[in-house]
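For reference, the structure discussed in these notes is given below.
Whatever order the structure lists them in is the order used to number ligands and atoms, beginning at 1.
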Amino acid sequence: MLVISKGDKVYNTVYTPGGDKSISHRIAMLTALSKGTIKINNFSLAKDCQATLRCVENLGFKVIRNENTVIIKMEEKTKKNNVVLDCENSGTTARLIGVVAASLGAEATLVGDASLSKRPMDRIVLPLQDLGLDIESSDGKLPITIKPNRRKYTEIFYDMPVASAQVKTALLFAALLGCGKVKIKQPAKSRDHTEIMLKHYGVSLINQYPYLKIKGPQKPIVRGEYNVCGDFSSAAFMIAAALVKGFELTVKDVGLNPTRTGFLQVIKAMNAKVEVFDTKKWNDELVGCIRIKPSSLKGIEISQDMVANLIDELPLIAVLAAYADGITKVRGAEELRVKESDRISNTVSNLNKLGADIKELKDGFIVRGKTQLNGTVLNCQKDHRVIMSMSVAALGSAGETKIEDAKWVEISNSEFFSELERLIPGCIK
Ligand SMILES: O=C(O)C1=C[C@@H](OP(=O)(O)O)[C@@H](O)[C@H](O)C1
Ligand SMILES: C=C(OP(=O)(O)O)C(=O)O
């Protein structure tokens, strides 16, 4: 149990987030898929990414860790039979590692924790079967089994039913192994770290939104060093904390890939004073600094076309909406129901407990802002994003908020509470 309150009025003003989670997963898996060797700087310490590293290790790669520096190289012999890959709580690991196992000719079983075992896996299993991989799921969920005996690879055209970067990545990775063409139609733009990374390592693909075309087989040449930029999603929680508490914050060396920064567009539309500066590229990913100034927020409407670029920040938008003037409405976000928890009902019920005026919609929520929030005891169903969102809500609430399952923030940011306490001394007990 962790106790959060408003804290003192002395603020620190600079935050440098840890390595990006999505990029850390991808560079580790692409290295394994291409049987390359890499030194990764600023690899994410998130538990999800550590789960990916353990899976890569279980497939027979040597992984040398020194804090957030990681070296991955292929062993003489990769493991091939009865490999169990524990994806723990990580959807990204579960949806991508099967293709890595297949690329190594391994026979593998993918398992996960209670939350991951409830999440939909047919979204990757079905198109990967169409591409010729021998992959089966148990009723559309984990466990997933991969067998080395591939059917003949074929060409596919996949009209994606959901705007998922995980599904897109699994298909792009699988295409590299095959001899057919993969053409994907995306219903909305989702994060494009995979496309950027593949091009960075010499893979040719055609990206003409909504279409994405790639021809296999192709072998990315992964070698040298890779610098992972700061995690924008982790930064978003600190930005929201600064907006709730009304202090100036500078975020340094954070990923600014436009397919990730929908949250910035939304808070700007909510009236937040946002400045982006010192932009540069790291391994072809846009990186820079963000300055946030104290601002009076107002409510806005968020429609389906904006959802994919701020999917992990939507519970946090609900919190900011509770501190904004007027009404905020989010629609077209039913994907939130199949994350680590049902993030719509989890966010709505916890914010209601704090005294916010928020109603659940089938595909989102509606918030009437500026009600008085009062600290209470919360349980966030072990969902890191909801725990961090409620912690931000607690920073403006009267009294103390107790979060029973606070330790689950480790899934994406093990330093979340120590960094929050550093920025707002006295806010954590
Ligand atoms: O590809 C990725 O790294 C991710 C994609 C998103 O999931 P979906 O692909 O299911 O939308 C996101 O919610 C998740 O946190 C990370
Ligand atoms: C949904 C998330 O991750 P994943 O799908 O990888 O579990 C997240 O980090 O919010």
Enumerated ligand 2 atoms positioned under 4.0 Å from heavy atoms of Lys339: 1 (C)

Per-atom contacts, ligand 2 versus Lys21 - under 4.0 Å to a heavy atom: 3 (O), 6 (O), 8 (C), 9 (O)

Heavy-atom nearest neighbour in the protein, as seen from atom 4 (P) of ligand 2, with distance rounded to 0.1 Å: Gly91 N, 3.4 Å

Close approach, Thr93 and ligand 2, non-hydrogen under 4.0 angstrom: no

Geometric cation-pi criterion Lys189 and Tyr209, 6.0 Å radius, 45° cone: yes

Nearest-contact summary for atom 6 (O) of ligand 2 - protein heavy atom, Å: Thr92 OG1, 2.5 Å

Ligand 1 contacted by Asp312 (non-hydrogen, < 4.0 Å): yes

Atoms in ligand 1 with a heavy atom of Ser22 nearer than 4.0 Å: 2 (C), 3 (O), 16 (C)

For ligand 1, the portion of Lys339 having any non-hydrogen atom under 4.0 Å away: side chain

Asn89 neighbourhood, listing ligand 2 atoms whose heavy-atom distance to it stays under 4.0 Å: 7 (O)

Sidechain N-carboxylate O distance under 4.0 Å for Lys252, Asp278: no

Sub-4.0 Å atoms of ligand 2 with respect to non-hydrogen atoms of His384: 8 (C), 9 (O), 10 (O)

Ligand-side contact atoms (ligand 1) for residue partner Ile311, heavy atom cut-off under 4.0 Å: 13 (O)

Nearest protein heavy atom with distance in Å, relative to atom 9 (O) of ligand 1: Ser164 OG, 2.7 Å

Lys280/Glu285 ion pair, N-O < 4.0 Å: no

Nitrogen or oxygen atoms of Arg95 and ligand 2 under 3.5 Å apart: no

Protein contact of atom 1 (C) of ligand 2 - nearest heavy atom, named by residue and atom, plus distance: Glu340 OE1, 3.1 Å

Distance-only donor-acceptor check, side chains Thr92 and Gln166, under 3.5 Å: yes

Side-chain donor-acceptor contact under 3.5 Å, Thr194 with Arg26: yes

Inter-residue atom distance Leu314.CG - Thr347.OG1, 0.5 Å rounding: 9.0 Å

Short N-O contact, Arg331 and Asp363, less than 4.0 angstrom: yes

Over 12 foreign heavy atoms within 6.0 Å of CZ, Arg368: no

Within-cut-off N or O pair, His25 and ligand 2, under 3.5 Å: no

Lys183 to Tyr211 six-membered ring, cation-pi geometry met (6.0 Å, 45°): yes

Carboxylate-amine/guanidinium proximity below 4.0 Å for Lys21 and Asp48: yes

Distance filter under 4.0 Å to Ala165 heavy atoms, resulting ligand 1 atoms: 1 (O), 9 (O)

His384 and Ser412: side chain donor to acceptor below 3.5 Å: yes

Minimum-distance protein heavy atom relative to atom 5 (O) of ligand 2: Arg119 NH2, 2.8 Å

Salt-bridge present (Lys168, Glu195; N to O < 4.0 Å): yes

Within-shell test, Arg343 vs ligand 2, heavy atom, strictly < 4.0 Å: yes

For atom 10 (O) of ligand 2, the protein heavy atom that lies nearest, with its residue and separation: Arg385 NE, 2.7 Å

Closest to atom 2 (C) of ligand 1 among Arg26, Glu313, His193, Arg385 (heavy-atom distance): Arg26

4.0 Å heavy-atom contact, Ser90 with ligand 2: yes

Which residue and heavy atom of the protein sit nearest atom 4 (C) of ligand 1, plus the separation: Gln166 NE2, 3.5 Å

Charged N-O contact under 4.0 Å between Arg123 and Glu335: yes

